[in-house]
Asks: 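Pasting a structure here, questions to come.
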Protein chains: 2
Amino acid sequence: MLSITEENYLKALFRLTCEEVGKTDAGTNEIAAQLDVKPATASDMLRKLKEKKLIEYEKYGKSMLTRRGKKMAMEIVRKHRLWETFLYEKLGFTWDEVHEVAEQLEHIQSQKLIERLNTFLGNPKYDPHGDLIPQADGEFKLIEKKTLNDIAEGETCLVVGVSDNSAEFLQYVDGLSIAIHRPLKVVSRKPFDAILEIEVKGKRSAISARLADHIFVSREVKKAAKM
Amino acid sequence: MLSITEENYLKALFRLTCEEVGKTDAGTNEIAAQLDVKPATASDMLRKLKEKKLIEYEKYGKSMLTRRGKKMAMEIVRKHRLWETFLYEKLGFTWDEVHEVAEQLEHIQSQKLIERLNTFLGNPKYDPHGDLIPQADGEFKLIEKKTLNDIAEGETCLVVGVSDNSAEFLQYVDGLSIAIHRPLKVVSRKPFDAILEIEVKGKRSAISARLADHIFVSREVKKAAKM
DNA sequence: AAGTTTTGTTAGATTAGTCTAACTTTAATA
DNA sequence: TATTAAAGTTAGACTAATCTAACAAAACTT
Ligand SMILES: [Mn+2]
Ligand SMILES: [Mn+2]
Ligand SMILES: [Mn+2]
Ligand SMILES: [Mn+2]
């Protein structure tokens with residue numbers, strides 16, 4: 001069984017490669033930064049994970065997950081996102097509060113627990129941030145997401161996620177009434193100033209193009225769900 | 001903040017003293033046995049916990065929790081038992097399955113999580129083994145429990161707990177239809193052979209006095225709960 | 001191509017938690 | 001009381017995970 005630390009390295013590598021479009025491997029410094037450790041520390045661990053055949057890695061080279069490593073990484077991400085969903089749906093945590101606690105819960109070892117939790121939550125497809133939850137069979141397809149900057153003036157789209165999960169960011173967009181699965185209209189654009197005027201739940205706000213780039217949307221507005 | 005290991009030492013000491021009638025302190029070997037480590041290891045940690053003012057301890061002496069140590073130990077026990085209740089009530093785990101997973105979950109650090117979980121479970125008083133759940137304010141009174149051996153022939157009592165939480169024991173008593181909050185009748189006793197004949201849910205079985213000693217009961221059968 | 005910057009590794013030290021083996025103190029017993 | 005047994009501690013070693021400092025390789029830049 002893997003240590004919590006080893007699990008965190010696999011997860012970091014998963015996020016840096018499998019969840020990043022057009023990226024198949026990651027460098028040592030990058031991995032170290034993701035985990036908030038020094039490159040020397042990561043270098044050591046990468047050698048160890050290669051021994052365990054969880055990653056492919058050669059001295060001075062880039063790292064990538066093996067099939068086995070990817071499977072294990074995905075299980076951790078699955079647990080993380082199922083717990084986030086639990087905290088949000090069942091315990092009334094807010095968008096920005098779930099991640100920190102899920103970082104701990106994702107390391108609980110019990111196959112049965114995670115299967116039961118999944119059933120209890122009704123086999124959810126997405127977590128509260130709109131991120132896809134990997135399925136038990138290892139099914140996981142990365143959807144390339146459009147950002148708010150891809151939406152034309154006057155169009156209405158649906159918020160499906162964000163690329164910044166910091167509490168500050170989440171609280172800020174919350175203040176603009178932006179939330180997952182909520183329609184959002186791009187009222188106007190000021191290209192010269194790189195500012196968008198948006199409308200959510202009848203409330204108008206101005207946001208920068210930089211911020212808009214962190215908001216993932218789908219073009220079609222979903223029909224209202226049946227009762 | 002305490003490490004998981006430190007938390008486990010506090011919990012072990014709590015179980016050996018505060019939850020054991022007529023016992024106010026515990027020896028180093030005893031504590032080591034409870035945690036499945038060598039006495040040398042425990043000895044080291046006890047010195048460390050004394051430094052942190054979590055226990056009272058002098059070289060070659062017995063250990064006991066300080067007020068602060070007891071408060072922290074109780075919080076861990078509270079978390080353990082709330083998680084056991086969650087697994088049992090919400091995820092359909094069986095009596096004997098909950099403990100192992102709760103040993104992990106009890107170390108998750110989040111005040112908010114445990115408060116919300118408590119509310120979600122309806123502020124339960126007892127865990128699935130019939131053990132009292134310490135309350136958030138530190139309220140916890142040890143109830144001296146009667147065992148099945150205290151019940152006279154022909155009397156019916158209510159099962160309220162067990163003193164052996166091993167999976168083997170729990171599965172065995174499960175097979176006799178014995179469960180928490182279920183009425184149990186002592187049909188007859190064979191004092192010479194130290195065997196009791198009991199009846200639960202219309203099913204008769206014979207059990208040894210040794211086993212009966214591990215089954216806690218209350219004398220009065222509770223009235224059927226209202227719908 | 002040479003020099004410089006960035007990236008990555010190695011060596012050596014540190015901390016927490018564990019062990020074994022040897023030793024010391026306290027308790028029990030003859 | 002003297003001896004033995006049980007309980008507890010100390011010393012020294014080990015592992016995992018981290019760091020800093022020094023070094024090496026690879027990648028840019030001029
Ligand atoms: Mn998260
Ligand atoms: Mn998420
Ligand atoms: Mn338990
Ligand atoms: Mn219990």
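Below, read A as the first sequence line, B as the second, and so on, with proteins coming before strands; counting in each chain starts at 1. When reading the values below, keep in mind they use all heavy atoms of this one structure, side chains included, and skip hydrogens, waters and symmetry mates.
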Asks: Rounded to the nearest angstrom, tell me the gap between atom NZ in A:K59 and atom P in D:dA26.
Replies: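 Going from A:K59 (NZ) to D:dA26 (P), I get 10 Å.
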Asks: In whole Å, what is the span from the CG atom of B:D36 to the C1' atom of C:dT18?
Replies: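 Answer to the nearest Å: 12 Å.
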Asks: Whole angstroms only, please: what is the CG-C1' distance between A:D44 and D:dT15?
Replies: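 That distance rounds to 13 Å.
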Asks: Distance check: side-chain N/O of A:S43 vs OP1/OP2 of C:dT10, anything under 4.0 Å?
Replies: no
Asks: Would you kindly say whether B:Q109 and B:E7 are connected by a side-chain donor-acceptor distance under 3.5 Å?
Replies: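 B:E7 and B:Q109 do have a side-chain donor-acceptor pair below 3.5 Å.
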Asks: Can you tell me the distance, in whole Å, between the CD atom of A:E58 and the P atom of D:dA24?
Replies: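 Computing the A:E58:CD to D:dA24:P distance gives 21 Å.
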Asks: Can you see whether A:N8 engages A:H107 through a side-chain donor-acceptor pair at a distance of less than 3.5 angstrom?
Replies: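 Looking only at side-chain atoms, A:H107 and A:N8 do form a donor-acceptor pair, the distance falling under 3.5 Å.
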Asks: Between P on C:dT9 and NZ on A:K62, what's the gap in Å once rounded to a whole number?
Replies: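 Rounded to whole Å, this separation is 11 Å.
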Asks: Without decimals, in angstroms, what is the distance between B:L35 CG and C:dC19 C1'?
Replies: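 Computing the B:L35:CG to C:dC19:C1' distance gives 15 Å.
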Asks: Report yes if a side-chain nitrogen or oxygen of B:T28 is closer than 4.0 Å to either non-bridging phosphate oxygen (OP1 or OP2) of D:dT9; otherwise report no.
Replies: yes
Asks: Report yes if a side-chain nitrogen or oxygen of B:Y9 is closer than 4.0 Å to either non-bridging phosphate oxygen (OP1 or OP2) of C:dT18; otherwise report no.
Replies: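 Checking B:Y9 against C:dT18: at least one side-chain N or O falls below 4.0 Å of OP1 or OP2.
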Asks: Cation-pi check for B:Y57 against B:R47: NZ or CZ below 6.0 Å from the six-membered ring centre and within 45 degrees of the axis, yes or no?
Replies: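 So B:R47 doesn't make the cation-pi contact.
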Asks: Of the nucleotides C:dA21, C:dT26, C:dT9, which has the atom closest to the A:Y60 side chain?
Replies: C:dT9
Asks: Just call it for B:T41: base, sugar-phosphate, or nothing, with non-hydrogen atoms closer than 4.0 Å on any strand.
Replies: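 Touches a base.
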Asks: Round to the nearest Å and state the distance from A:E30 atom CD to C:dT9 atom P.
Replies: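 After rounding, the gap between these two atoms is 13 Å.
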Asks: Just the rounded figure in Å: distance from P of D:dT18 to CD1 of A:I31.
Replies: 14 Å
Asks: Is the charged tip of B:K146 near the ring of B:F216: under 6.0 Å from the six-membered ring centre and within 45° of its axis?
Replies: no
